[in-house]
Amino acid sequence: MATESDGEEEGKLIGGNQHLVVDDDLREMAKKAAWSVSSCKSGNGVQSIRDDNLDTYWQSDGAQPHLVNIQFQKKVKLQLVVMYVDFKLDESYTPSKVSIRAGDGFHNLKEIKTVELVKPVGWMYIPLSGTEPRDAFLNTFMLQIAIISNHLNGRDTHVRQIKVYGPRPNPIPHQPFQFTSREFITYSSIR
């Protein structure tokens with residue numbers, strides 16, 4: 001799986017990584033989704049958390065919790081949520097408690113994980129997998145990231161980037177092993 005943050009206790013993520021490092025067997029799933037937010041300041045909307053620019057950010061505008069909704073057209077397998085937040089730049093706008101929820105839609109979202117961020121600076125990795133091997137990924141139509149509270153009792157929040165990863169599918173269906181080169185894939189079946 002992805003590289004862990006500097007320190008991790010039960011439900012607490014400390015530190016962060018300056019460089020995004022994700023395993024090759026994961027792929028970014030967010031391009032297949034419709035993104036929305038509960039509120040935003042003008043010029044700091046949902047496009048700011050998807051633009052691959054760490055200098056831009058989504059800024060909420062309203063009462064907590066602040067929500068980022070990620071809806072897929074079909075059920076997808078998800079394994080990891082990665083957020084870029086920066087306590088040094090954003091101070092009281094930095095999230096301190098984040099809840100990840102999943103379901104078929106707004107009507108049946110269930111909390112999957114709650115994480116406390118302790119003065120985060122960088123990429124924060126939030127695995128969606130459970131403790132058992134059969135819980136290696138989350139199968140869902142919708143993911144909701146809820147910012148429950150901010151550092152220093154801040155009201156609005158800044159999130160600089162969010163990425164969602166799922167397992168990379170095997171290019172050949174019903175094949176137990178994965179070929180990695182184009183040449184192997186070409187000769188993997190007999191006509």
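Between Asp61 and Lys41, at least one side-chain nitrogen of the basic residue sits less than 4.0 Å from a carboxylate oxygen of the acidic one, meeting the salt-bridge criterion. The pair Arg50-Glu28 meets the salt-bridge criterion, since a charged nitrogen lies less than 4.0 angstrom from a carboxylate oxygen.
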As a quick check of understanding, evaluate side-chain contact (heavy atoms from CB on, under 4.5 Å) for Met142 and Phe72, giving each step before the final call. CA-CA 6 Å; Met142 181 175 179; Phe72 297 91; over 6 Å; no
Applying side-chain contact (heavy atoms from CB on, under 4.5 Å) to Lys32 and Arg27, what does each step give before you reach the verdict? CA-CA 11 Å; Lys32 298 181 176 200; Arg27 67 177 175 153; 3.4 Å; yes
Test log, rule side-chain contact (heavy atoms from CB on, under 4.5 Å), inputs Gln144 and Val68: CA-CA 6 Å; Gln144 184 178 74; Val68 177; over 6 Å; no
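Tested against Arg160 for a salt bridge (charged side-chain N to carboxylate O under 4.0 Å, His left out), the candidates Asp51, Asp90, Asp86, Asp52 yield a single pass: Asp90. Screening Asn150, Val115, Ile145 against Pro95 for a side chain to side chain contact (heavy atoms under 4.5 Å, CB included) leaves a single residue, Asn150.
Taking hydrophobic clusters as Ile, Leu, Val, Met, Phe, Trp and Tyr residues chained together by side-chain heavy-atom distances below 4.5 Å, Val118 does not share a cluster with Leu89. Cluster annotation: Val85 and Phe87 are assigned to distinct hydrophobic clusters (Ile/Leu/Val/Met/Phe/Trp/Tyr, side-chain heavy-atom contacts under 4.5 Å, transitive). Transitive grouping of hydrophobic side chains (ILVMFWY, heavy atoms separated by less than 4.5 Å) brings Leu26 and Leu20 into a common cluster. Transitive grouping of hydrophobic side chains (ILVMFWY, heavy atoms separated by less than 4.5 Å) keeps Leu109 and Val98 in distinct clusters. When hydrophobic clusters are built by joining Ile, Leu, Val, Met, Phe, Trp and Tyr residues whose side-chain heavy atoms come closer than 4.5 Å, directly or via intermediates, Leu67 is not grouped with Ile148.
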